[in-house]
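What's counted below: heavy atoms across the whole structure, side chains too, no hydrogens, waters or symmetry copies.
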Amino acid sequence: MLTRISQVGTSVGIIIPRYIALEGGFTKGSSVNIEYSNDRIIISKPRNRREGWAAAFARYAREGEDEMMLPDYLDAEAEEML
C-alpha cells in the first residue's frame, strides 16, 4: 500500500490504515517499538518481559524442580556468613 508521510509538529508520521491496525491489535495510545533496518521501517508490539514465565514455572513444578534453594530461616552459621 502506498501512503504519504505527513508533518506532525517537528516530526513526521504516517497513517496506519484501519484494517492493518485492527489486524495487528493497535489502538489509539498503544505503545509500539519502531526500528529502521535495511531500508525498512518495522513497527511491532512491545514484548512482555515476563512472556512465557508462567508456562516455565508450571513445567518446573511438574518436573519437581521448584524446591526452595534457600531455607525459610537462616541458622547461626549462615548468619555469620552474611
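Val12 and Ile5 make their closest contact through CB-CG2, 3.4 Å (heavy atoms, listed as atom of the first residue, atom of the second, distance). Of all heavy-atom pairs spanning Ile16 and Ala21, the tightest one is CG2-N, 3.9 Å. Arg47 approaches Asn33 most closely through the heavy-atom pair N-ND2, 4.4 Å.
Here the straight-line distance linking atom CZ of Arg4 with atom CD1 of Ile14 works out to 14.0 Å at 0.5 Å rounding.
Atom CD1 of Ile34 is surrounded by more than 12 heavy atoms from other residues, nucleotides or ligands within 6.0 Å. The 12-atom threshold is exceeded at CG of Leu22, counting heavy atoms of other residues, nucleotides or ligands nearer than 6.0 Å.
Sorted by first and then second residue, the pairs that involve residues 15-32 and meet side chain to side chain donor-acceptor pair (under 3.5 Å), not counting sequence neighbours, are Thr27-Ser30.
At distances below 3.5 Å, not a single donor-acceptor pair connects side-chain atoms of Glu51 with backbone N or O atoms of Trp53. Remark: side-chain polar atoms of Lys45 are not paired, donor with acceptor, to backbone N or O of Phe26 under 3.5 angstrom.
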